[in-house]
Engineer: 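My questions will all concern the structure given below.
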Amino acid sequence: MKAPVRREAPGKLLIAGEYAVLTPGRPALAMAVDRYVTVTAEPAREAEVELATDLVDHPVALYRGRDGLRPHQPRDAAQVRGPLAHLVAVVETTDRLRAESGLGLVSVRLTVRSDLHENGTKLGLGSSGAVTVAAVHALTDFTGACLSAETRFRLALLATVTLDARTSGADLAAGTWGGWVRYSPPDRQALRRLLHRDGLLATLRACWPGLSLHALPPPSTVSPHAGWTGRPASTTAKVGDLQHSAWWQSDAHYRFCARSTRLVDELTNALDHDDPVAVRAAVDAARGLLLGLDQQTGLGIFTPALTALCDAAEAAGGAGKPSGAGGGDCGIAFLPTTGDPDDLHGRWAAAGITSLHLSAAPPQLPSPPSRIGPRPDSTPPASAAPAPRTAP
Ligand SMILES: Nc1ncnc2c1ncn2[C@@H]1O[C@H](COP(=O)(O)OP(=O)(O)OP(=O)(O)O)[C@@H](O)[C@H]1O
Ligand SMILES: C[C@@](O)(CCOP(=O)(O)O)CC(=O)O
């Protein structure tokens with residue numbers, strides 16, 4: 001009987017680069033937070049695969065059908081497509097890896113515990129990414145594969161693209177490496193095509209243009225504070241709306257991506273030099289960039305609560321912005337370490353914002369910091385630029 005294997009992955013806040021990071025090669029800056037998803041892998045008790053999570057009120061038993069995992073109970077089909085979708089994608093992707101490697105499939109029960117929901121409501125701290133990273137880690141270690149962090153990240157991204165090839169994977173990067181990471185994504189649509197054409201092993205081993213990842217030093221002269229609006233928002237819906245708008249792949253989109261890349265570079269520099277004034281200025285500019293996007297597209301990034309969160313950060317002597325897609329979920333503020341967090345938290349409480357009392361999660365790997373892909377100051381690959389819009 002195999003011993004249970006437990007692995008955890010942190011949630012994340014997005015400090016800069018939202019929406020631009022959807023484009024291959026365009027960077028975002030994320031901070032992993034000290035709230036985690038924990039996944040335990042152990043031998044299944046009654047079925048080939050069993051999934052137990054706090055999002056579903058009973059463990060779900062599955063068997064391996066010809067086209068992937070199927071629930072034993074037809075009533076569980078909706079769970080498999082909904083709250084269990086990320087776990088199912090991880091098991092199917094790991095099964096594929098073993099099958100292509102000539103290895104037998106393993107019976108397994110995955111049990112999830114998450115700190116990224118509050119009374120059943122998501123906080124917007126990247127629970128889908130954290131559950132994917134933790135499940136890949138637990139499952140591959142359970143089966144004895146013991147993969148490197150980069151291979152686990154790649155596997156997690158491939159599992160994710162089978163569900164949604166739009167998502168950037170910034171949450172997976174933060175969940176895999178922890179700490180502060182500057183991440184730029186590969187072309188996920190191209191990965192999906194490669195997966196279909198050449199299989200999983202070949203895709204895992206292929207060159208992934210656009211992918212880069214750099215660990216950054218945590219600042220000591222500014223402190224991050226996270227505030228929760230109490231209202232969940234759908235990142236998938238916002239990204240879908242944007243990609244179907246006239247803005248997508250317009251000149252304005254190209255300018256937005258270029259400006260966002262400069263901002264991420266400025267923030268990277270500010271963090272490298274631990275410069276509180278430059279961090280504040282860059283975070284403020286990141287807020288302005290998202291506001292401009294909202295005004296141009298009517299996407300609904302800034303809700304009254306998120307605007308109040310940012311205004312309170314400014315009034316407390318810092319800078320604030322939404323974290324991620326906006327429309328609800330949470331935001332982040334940076335204060336100089338000489339500032340008064342109680343002042344900020346008091347202002348947030350008055351505006352109905354809950355302080356989450358988070359810190360950066362420590363890097364998951366021993367030093368030296370990970371470095372994948374080109375240096376941060378190099379220009380993004382040509383594929384990073386959306387194609388100029390041509391007349392129909
Ligand atoms: N505890 C969990 N157990 C199993 N699956 C989970 C768990 N938490 C999240 N997931 C998966 O992630 C999905 C939620 O993803 P969603 O993008 O809506 O939230 P999020 O990643 O927390 O938010 P955000 O992208 O705004 O940070 C769930 O439907 C489920 O598939
Ligand atoms: C809008 C986007 O760039 C960031 C979304 O962040 P969040 O999942 O809402 O925290 C989407 C993505 O990176 O996949």
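Order of appearance sets the numbers: ligands from 1, and atoms from 1 within every ligand.
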Engineer: What are the two closest non-hydrogen atoms of C330 and L13, and how far apart are they?
Structural biologist: SG-CD2, 3.8 Å
Engineer: Is the distance between the ring centroids of Y183 and W177 under 6.0 Å?
Structural biologist: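 No, they do not, as the ring centres are separated by 6.0 Å or more.
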Engineer: State if G82 counts as touching ligand 1 under the rule of any non-hydrogen atom under 4.0 Å.
Structural biologist: yes
Engineer: Determine whether L213 and F153 make a side-chain contact, defined as any pair of heavy atoms from C-beta on separated by less than 4.5 Å.
Structural biologist: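 With C-beta onward as the side chain, the pair stays apart.
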Engineer: Write out the residue and atom name of the closest protein heavy atom to atom 19 (O) of ligand 1, then the distance separating them to 0.1 Å.
Structural biologist: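 Atom 19 (O) of ligand 1 sits closest to the protein heavy atom K122 CD, 3.3 Å.
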Engineer: Go through ligand 1 atom by atom and flag the ones less than 4.0 Å from a non-hydrogen atom of H117.
Structural biologist: 8 (N)
Engineer: Under 3.5 Å, is there a donor-acceptor pair between the W228 and E118 side chains?
Structural biologist: no
Engineer: Identify, for atom 31 (O) of ligand 1, the protein heavy atom at the shortest distance, and state residue, atom and that distance.
Structural biologist: H86 ND1, 2.8 Å
Engineer: Note the single closest protein heavy atom to atom 30 (C) of ligand 1, along with its residue, its atom name and the distance in Å.
Structural biologist: P83 O, 3.2 Å
Engineer: To the nearest 0.1 Å, how far is atom 9 (C) of ligand 1 from its closest protein heavy atom, and which atom is that?
Structural biologist: S127 OG, 3.2 Å
Engineer: Can you establish whether the number of heavy atoms outside H196 located under 6.0 Å from its atom NE2 is more than 12?
Structural biologist: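 Counting neighbours around NE2 of H196, 12 or fewer heavy atoms of other residues, nucleotides or ligands fall under 6.0 Å, so no.
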Engineer: Side chains of T38 and R113 only: does a donor on one sit below 3.5 Å from an acceptor on the other?
Structural biologist: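 No.
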Engineer: How far is atom 7 (C) of ligand 1 from its nearest protein heavy atom, and which residue and atom name does that atom have?
Structural biologist: L55 CD1, 3.3 Å
Engineer: Run the numbers for me: atoms of ligand 1, each under 4.0 Å from some heavy atom of K12, listed by number.
Structural biologist: 27 (O)
Engineer: Taking only residues at least two apart or on different chains, which pairs with a member in residues 127-150 satisfy salt bridge (charged side-chain N to carboxylate O under 4.0 Å, His left out)?
Structural biologist: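 Found R7-D141, E150-R154.
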Engineer: Protein N/O near ligand 2 N/O, under 3.5 Å, which pairs?
Structural biologist:
unit_1	atom_1	unit_2	atom_2	d
ligand 2	3 (O)	Y19	N	2.9
ligand 2	8 (O)	T235	OG1	3.4
ligand 2	9 (O)	T235	OG1	2.7
ligand 2	9 (O)	A325	N	3.0
ligand 2	10 (O)	K12	NZ	2.8
ligand 2	13 (O)	S168	OG	2.6
ligand 2	14 (O)	T167	OG1	3.4
ligand 2	14 (O)	S168	N	2.8
ligand 2	14 (O)	S168	OG	3.3

Engineer: Which residue supplies the protein heavy atom nearest to atom 17 (O) of ligand 1, what is that atom called, and how far is it?
Structural biologist: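 Heavy-atom neighbour on the protein nearest atom 17 (O) of ligand 1: S128 OG, 3.5 Å.
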Engineer: Is the closest side-chain heavy-atom distance between I353 and R347 below 4.5 Å?
Structural biologist: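 SC-SC contact between I353 and R347 ruled out.
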Engineer: Look at the aromatic rings of F256 and W247 and report parallel, tilted or perpendicular, splitting at 30° and 60°.
Structural biologist: perpendicular
Engineer: Can you spot which of V90, T203, L200 makes a side chain to side chain contact (heavy atoms under 4.5 Å, CB included) with L155?
Structural biologist: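 Output: one option passes, namely L200.
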Engineer: Any N or O of V112 that comes nearer than 3.5 Å to an N or O of ligand 1?
Structural biologist: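 It does not: no N or O of V112 is found under 3.5 Å from an N or O of ligand 1.
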Engineer: Which residue pairs satisfy the side-chain hydrogen bond (donor to acceptor under 3.5 Å, both in side chains) criterion with at least one member in residues 317-326, sequence neighbours excluded?
Structural biologist: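 side-chain hydrogen bond (donor to acceptor under 3.5 Å, both in side chains) check on residues 317-326 returns E18-K321.
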Engineer: Using the benzene-type ring in the case of Trp, are the ring centres of H225 and H357 under 6.0 Å apart?
Structural biologist: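 Between H357 and H225, which both carry aromatic rings, the centre distance is not below 6.0 Å.
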Engineer: Quick test of your reading: applying salt bridge (charged side-chain N to carboxylate O under 4.0 Å, His left out), list the pairs with at least one residue in residues 69-86, sequence neighbours left out, ordered by first then second residue.
Structural biologist: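 Counting only pairs at least two positions apart or across chains, the salt bridge (charged side-chain N to carboxylate O under 4.0 Å, His left out) contacts touching residues 69-86 are D67-R70.
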Engineer: Which atoms of ligand 1 are found less than 4.0 Å from any heavy atom of S114?
Structural biologist: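 Reading through ligand 1 atom by atom, the close ones are 1 (N).
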Engineer: Below 4.0 Å from ligand 1: does a non-hydrogen atom of T235 turn up there or not?
Structural biologist: yes
Engineer: Taking atom types as modelled and ignoring hydrogens, do the side chains of T40 and T111 form a donor-acceptor contact shorter than 3.5 angstrom?
Structural biologist: no
Engineer: Need the ligand 1 atom indices (1-based, order shown) with element for anything under 4.0 Å from a heavy-atom of D54.
Structural biologist: 1 (N)
Engineer: Give the single entry among G126, A135, G327 that approaches atom 27 (O) of ligand 1 most closely by any heavy atom.
Structural biologist: G126
Engineer: With atoms numbered from 1 as shown, which atoms in ligand 1 lie under 4.0 angstrom from a non-hydrogen atom of T53?
Structural biologist: 1 (N), 2 (C), 3 (N), 4 (C)
Engineer: With backbone taken as N, CA, C and O and side chain as the heavy atoms from C-beta onward, which portion of D329 lies under 4.0 Å from ligand 1: side chain, backbone, both, or neither?
Structural biologist: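 Side chain only; the backbone of D329 stays clear of ligand 1.
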Engineer: Could you list the atoms of ligand 1 found under 4.0 angstrom from a heavy atom of L125?
Structural biologist: 27 (O)
